[in-house]
There are 2 protein chains.
Amino acid sequence: MITIKEIAQRLNMSTTTVSNVIHGKAGEVSEETRRRVEEFLKEVDYVPNINARNLAQNESKIIGLALKARVDKYENLIMDPFVAELIGGIEETIRNAGYFMMLYISRDTEKIMRHVSTWNVDGLILFGMLDDDGVRVSKKYKKPIVCLDTYSMEGLKHFTNVGLDDEQGAYNMVKYIISCGHERIAFLSDNTKGVDLARLNGYKRALEEAGIEYSEKDFLKIRPASAEIEASLDEICHRALDYTAIMCVSDLYAVTLMSALTDRGIRVPEGISIAGFDDNMLGSLYRPALTTVHQDVKQKGVVAAETLLKKLRGEETEAQITLPTRLVIRDTVTKPRKSSFMGRF
Amino acid sequence: MITIKEIAQRLNMSTTTVSNVIHGKAGEVSEETRRRVEEFLKEVDYVPNINARNLAQNESKIIGLALKARVDKYENLIMDPFVAELIGGIEETIRNAGYFMMLYISRDTEKIMRHVSTWNVDGLILFGMLDDDGVRVSKKYKKPIVCLDTYSMEGLKHFTNVGLDDEQGAYNMVKYIISCGHERIAFLSDNTKGVDLARLNGYKRALEEAGIEYSEKDFLKIRPASAEIEASLDEICHRALDYTAIMCVSDLYAVTLMSALTDRGIRVPEGISIAGFDDNMLGSLYRPALTTVHQDVKQKGVVAAETLLKKLRGEETEAQITLPTRLVIRDTVTKPRKSSFMGRF
DNA sequence: GAATTTTTGTAAAGGGGTTTTTGTCAAATG
DNA sequence: CATTTGACAAAAACCCCTTTACAAAAATTC
């Protein structure tokens, strides 16, 4: 690896001059010299030592992406397959701006913070954190931070959240379900926080508006831990018989549920209508194809990255950016079954 | 951010001493001093400046993961959703060894190489590269490299390939299909290179062994570009009628095909048997559940990372590591239909 | 033509660590 | 008692690049 010092030596000039050429400081270097240096740089295929440069400029050109992953029963980290899209969107955006991406996957906020300070990353994108974790991180570090899908924004001064209009999306879908004639509609999820809560609220609002009463038992709680998933599905499929439609909090759960129902001889949509949320490959390839709420995950990544880049340039950014959803009507929501017909095989 | 110099000043000693304590150089520092320094370090929560350290030590503690992504018709990069698992496996492994992961996604090998040299990463994992790209990269850079799923290993001295026993996996599956009574079995893929070629070869070997003749037209070529996918599936579904089973090169294609067949009124497995390869969520959640060949993608990432870490420690590593596959028998391969019955609805 | 400004280039001072060299002091050795 | 050895710490060099302060040369102004 050739250094700037060597180049200066060989060209019989000072390192400053070479550096000035590299940084395009016009007016400090004669046209003649600039040409000579540039040619030589090309010739030797000069690449600056990034550590030296960062040390001198006190920046890293690195953006950290911290993913809070779930862990399975063996304490292994698990990533949602669909974060790939998100990562892709972020990476593409920041790369075009000359930044690199450093990936941390962890469930430990403390560790993430330590990484950040060690690495001197210029900015941070947080995804999948618990709501207040994001706030805590942002309070401790003064670097620009963009959160994804975070709902509790008490300390929102220091960072931006990029989210989805979850409430409205769920509302629209449930409204559509009701318009198909359904009145007994359950909601399936595994928790009532953050995104899930927002979607639940949208569901409730649609019910209320239609004059349908909501009761606690209409919330079907799935337990996704692999040890419990089967028992959990068993119970849910049983309770599902009381409803004509189920609004699922995600496509993953919708498809999981459809499989479980199919295994138990209950047909979708003849026996029961199912709606999802997210619109990913899982639902679009399934048959019957899933009726769902679309969100553009990649776009979310792009917006998050663009917002962070803005912050890094010192530009003003909003505290909250909300992306829209869109209904995707496919085949799993139809009009409700007549009375007791469950579409059993 | 407190520096080592400040610490030394405040403690009334030299930076060397502090540095020695940090690096645990025993015998160079008195027990008393060491204790004093260590306490103080904890107190001020000292974190070394990574750029300075790397500059001094000429290493980065970064491992680059270069993913060669496909591009869609709008020239956007697309990532396979299931690389998330791979990334997870790699990240977890290297993090435990004190390394960080830097992610490049690109389709341009040149750019990747430039990144690598700019960033002074300690080692590189390449995935999804064209076969010879890996070789080219490894020839140009002397850093340790581990490739995933690369088949052309002409210049294999400098790097290790972590792959799968694709040939054997496909062979086993097709043998199983034949054992179910099938004789007209097609193979579905979009190319005949690398991994796909190996799987095709396994398929051919099983056919040959059973005395079934293979002809060019038994290769069903899918065109996955979004503009052509529908026409492509149309043609394939039509040609599928000549067969009683189709061995698909991946779960994604298997599920895509099943959806297309279902849409055209052909039932799986009553009308035609379908087998996949990879064993991901897509196939396990589909109904009928996909019979497929299992590979542990996360494990692949772990092995790749561990191998690279070995190289970085200067240990010897094999040039080729081949991971096993396992048959997953579910519901999409049964005995062949009688004559012309296609299981149409 | 002397004084002033502009252009062009250099030397030197960081930036924050690591590592080598040098030096001091006390204990051990002969 | 003189000398060697060992433990410890300080000083200085180095990693490579950026940037500031300054000097020399050229161009401009009066």
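Just so we're on the same page: letters track the sequence lines, and every chain starts at 1.
- Side chain of B:T307 to backbone of B:V303: a donor-acceptor contact under 3.5 angstrom is found.
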### Task
Any chance you could lay out the salt bridge (charged side-chain N to carboxylate O under 4.0 Å, His left out) test for A:E38 and A:R34, step after step, and finish with the verdict?
CA-CA 6 Å; A:E38 272 170 353; A:R34 134 163 291 111; 3.7 Å; yes
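- In this structure, A:K5 places its NZ atom 13 Å from P of D:dA13, rounding to the nearest Å.
- Considering only side-chain atoms of B:A56, the nucleotide from D:dA12, D:dC16, C:dG16 that sits closest is C:dG16.
- Of the possible polar contacts, one joining the B:N96 side chain to the B:E92 backbone as a donor-acceptor pair under 3.5 Å is found.
- Here the C1' atom of nucleotide D:dC16 and the CD atom of B:E59 are 17 Å apart, to the nearest Å.
- Counting atom types as modelled, B:T16 pairs a side-chain N or O with a base atom of C:dT19 as donor and acceptor under 3.5 Å.
- Comparing D:dT18, D:dA10, C:dT10 by their nearest atom to the side chain of B:S14 picks out D:dA10.
- In this structure, B:N12 atom CG and D:dA10 atom P are separated by 8 Å, rounded to whole Å.
- Between A:R53 and D:dT18 there is a side-chain polar atom (N or O) within less than 4.0 angstrom of OP1 or OP2.
- Of the residues A:E306, A:E318, A:K300, the one that meets the side-chain contact (heavy atoms from CB on, under 4.5 Å) test with A:V162 is A:K300.
- For the pair A:N58 CG and C:dG17 C1', the computed distance is 14 Å after rounding to whole Å.
- What separates CD1 of B:I22 from P of C:dG17 is a distance of 8 Å, to the nearest Å.
- One can place CD of B:Q9 at 13 Å from P of C:dG16, the figure rounded to the nearest angstrom.
- Annotation: of the two residues near DNA chain C, B:I4 and A:T33, the 5′-most nearest-nucleotide partner is A:T33.
- Residue-to-nucleotide proximity on DNA chain D shows that, of A:T15 and B:Q57, the 5′-proximal contact is made by B:Q57.
- Comparing atom distances between the B:V29 side chain and each of C:dG17, D:dA9, D:dT18 picks out D:dA9 as nearest.
- Between the OH atom of B:Y46 and the P atom of C:dG17 there is a distance of 4 Å, given to the nearest Å.
- Rounding to whole angstrom units, CG of residue B:N51 and P of D:dC15 are separated by 17 Å.
- With D:dC17, C:dT10, C:dG16 as the candidates, the nucleotide lying closest to the side chain of B:L55 is C:dG16.
- A side-chain donor-acceptor contact under 3.5 Å links B:N161 to the backbone of B:T150.
- A:T17 comes within 4.0 angstrom of a base, heavy atoms only.
- A:S19 comes within contact range of at least one nucleobase, with a heavy-atom separation under 4.0 Å.
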